[in-house]
Q: 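My structure is below; once you've seen it, I'll send some questions.
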Amino acid sequence: MGEKIDKQLELDKRYLRMALIWAENSYCLRRQVGALIVKDNRIISDGFNGTPSGFENVCEDENNVTKPYVLHAEANAITKVAASSNSSKDATIYVTSAPCIECAKLIIQSGIRRVVYSEKYRVEDGLKLLERAGITLDYIGITE
């Protein structure tokens with residue numbers, strides 16, 4: 001049994017490292033976040049924080065405040081899978097930062113059953129909502 005747990009932990013770390021690399025695609029200056037949705041050991045979607053398609057790739061305004069229409073990595077990954085033939089039901093989302101409450105609502109509605117994240121966030125509303133919905137939460141701190 002221990003070997004199965006160790007193997008899952010190694011896979012979780014690998015997917016988190018991949019999400020961290022994917023976050024590098026973000027044009028956001030204040031913070032770069034990446035997400036991968038995995039189902040049946042296959043990556044079915046990916047996302048990073050940024051502006052909607054067709055918008056300029058500038059996430060912050062002149063006061064270095066994030067623009068209100070910037071999409072979070074989880075939202076990008078979930079909307080991508082929604083536009084595909086894949087289903088996120090019972091999938092796992094790997095994200096480099098703990099989800100906010102808005103992303104938590106999307107995670108719940110998308111049928112994702114597990115969230116693995118590598119960075120804690122000062123506001124824990126999203127995690128509390130996910131916990132209340134019965135979604136498995138796993139924090140795994142990773143280093144590059």
Side-chain angles (χ1 to χ4, degrees), residues 1-53 55 57-61 64-144:
M1 185 72 172
E3 187 177 320
K4 186 176 181 182
I5 292 169
D6 289 346
K7 185 176 180 186
Q8 184 61 55
L9 180 61
E10 287 309 308
L11 273 173
D12 289 343
K13 287 179 180 179
R14 192 170 300 135
Y15 284 129
L16 283 171
R17 287 193 306 270
M18 291 171 73
L20 193 62
I21 290 167
W22 201 243
E24 294 174 12
N25 288 314
S26 173
Y27 287 90
C28 297
L29 302 175
R30 292 181 61 215
R31 186 176 192 162
Q32 294 180 313
V33 180
L36 297 176
I37 299 176
V38 176
K39 183 174 180 178
D40 300 325
N41 294 318
R42 286 185 318 114
I43 297 170
I44 61 167
S45 192
D46 55 62
F48 52 87
N49 58 324
T51 56
S53 297
F55 283 64
N57 288 321
V58 179
C59 297
E60 296 84 13
D61 65 18
N64 201 32
V65 174
T66 300
K67 294 178 179 177
Y69 54 84
V70 168
L71 288 157
H72 289 187
E74 304 95 317
N76 263 328
I78 290 167
T79 55
K80 251 182 165 173
V81 84
S84 76
S85 61
N86 287 314
S87 167
S88 54
K89 186 175 178 355
D90 299 326
T92 297
I93 189 166
Y94 292 87
V95 63
T96 57
S97 182
C100 70
I101 195 150
E102 293 302 317
C103 288
K105 291 189 279 187
L106 293 174
I107 289 166
I108 293 165
Q109 288 301 98
S110 69
I112 291 171
R113 299 305 311 149
R114 182 171 178 242
V115 175
V116 181
Y117 63 102
S118 61
E119 186 182 305
K120 295 181 180 179
Y121 191 62
R122 58 183 166 77
V123 181
E124 294 190 346
D125 294 1
L127 293 176
K128 289 176 184 170
L129 186 64
L130 290 167
E131 196 171 60
R132 183 175 166 198
I135 291 173
T136 303
L137 301 173
D138 290 313
Y139 166 76
I140 302 173
I142 60 167
T143 55
E144 290 185 58

Q: Could you report the tightest heavy-atom contact between S88 and S110, atom names first, then the distance?
A: OG-O, 2.7 Å
Q: Under a 4.0 Å threshold between the charged nitrogen and the carboxylate oxygen, would D90 count as salt-bridged to K39?
A: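 So K39 does not pair with D90 through a salt bridge.
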Q: Looking only at heavy atoms, what is the nearest atom pair of N49 and V33, with distance?
A: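 Looks like OD1-N, 2.8 Å.
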Q: Considering non-hydrogen atoms only, spot the tightest contact between G34 and A23 and give its length.
A: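 Distance-wise, the nearest heavy atoms are N-CB, 3.3 Å.
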Q: What class does the angle between the rings of Y69 and F55 fall in, given that below 30° is parallel, 30 to 60° is tilted and above 60° is perpendicular?
A: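 Rings of Y69 and F55: tilted, as their planes differ by 30° to 60°.
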Q: Could you tell me whether the side chain of P99 reaches within less than 4.5 Å of the side chain of L127, counting heavy atoms only?
A: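 Answer yes - side chains close enough.
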Q: Sequence neighbours excluded, which residues qualify as salt bridge (charged side-chain N to carboxylate O under 4.0 Å, His left out) partners of K67?
A: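 In terms of salt bridge (charged side-chain N to carboxylate O under 4.0 Å, His left out), with neighbours along the sequence ignored, K67 is linked to E56.
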Q: Any side-chain heavy atom of H72 within less than 4.5 Å of one from V95?
A: no
Q: For atom CG of D40, decide whether the heavy atoms of other residues, nucleotides or ligands shown that lie under 6.0 angstrom number more than 12.
A: no
Q: Rounded to the nearest 0.5 Å, how far does CD1 of I112 lie from CD1 of I107?
A: 5.5 Å
Q: Under 6.0 Å from the CD atom of Q8, do we count more than 12 heavy atoms belonging to anything else shown?
A: yes
Q: Heavy atoms, side chains only, cut-off 4.5 Å: are R42 and N86 in contact?
A: yes
Q: Between CD1 of I93 and CG of D46, what distance do you get to the nearest 0.5 Å?
A: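 So the gap between those two atoms works out to 10.5 Å.
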Q: Give the C-alpha distance, both sets of side-chain angles, the deciding distance and a yes or no for salt bridge (Lys or Arg N to Asp or Glu O under 4.0 Å) between K105 and E102.
A: CA-CA 5 Å; K105 291 189 279 187; E102 293 302 317; 3.1 Å; yes
Q: Rounded at 0.5 Å granularity, tell me how far OG1 in T96 sits from CD1 in I21.
A: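 If we round to the nearest 0.5 Å, T96:OG1 and I21:CD1 are 11.5 Å apart.
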Q: Write out all pairs satisfying ring-ring contact (aromatic ring centres under 6.0 Å, His included) with one or both partners inside residues 76-117, taking only residues at least two apart or from two chains.
A: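 Sorted result for residues 76-117: Y15-Y94, Y117-Y139.
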Q: Which heavy-atom pair separates S45 from A77 by the least distance, and what is that distance?
A: OG-O, 2.7 Å
Q: Within the 4.5 Å heavy-atom criterion, are D12 and R114 side-chain neighbours or not?
A: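 D12 reaches R114 side chain to side chain.
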Q: For a quick test of reading the model, state the closest non-hydrogen atom pair linking V58 to T51 and the distance between them.
A: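 Smallest interatomic distance, heavy atoms only, reads O-CG2, 3.5 Å.
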Q: Ignoring hydrogens, what is the shortest heavy-atom contact between A75 and L71? Give both atom names and the distance.
A: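 Between these two residues, the closest heavy atoms are CB-CD2, 4.2 Å.
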Q: Sequence neighbours left out, what passes salt bridge (charged side-chain N to carboxylate O under 4.0 Å, His left out) with R31? Give chain and number order.
A: E119
Q: Are I140 and S118 close enough that some pair of their side-chain heavy atoms sits under 4.5 Å apart?
A: no
Q: With rounding to the nearest 0.5 angstrom, report the CD to CG distance, Q32 to L20.
A: 9.5 Å
Q: CG/N41 to CG/L11 distance, rounded to the nearest 0.5 angstrom?
A: 6.0 Å
Q: Any side-chain heavy-atom pair from R17 and I142 closer than 4.5 angstrom?
A: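 The answer is yes; the side chains approach within 4.5 Å.
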Q: Answer whether the closest heavy-atom distance between the side chains of I108 and L130 falls below 4.5 Å.
A: yes
Q: With a 4.0 Å cut-off, would you call E10 and K7 a salt bridge?
A: no
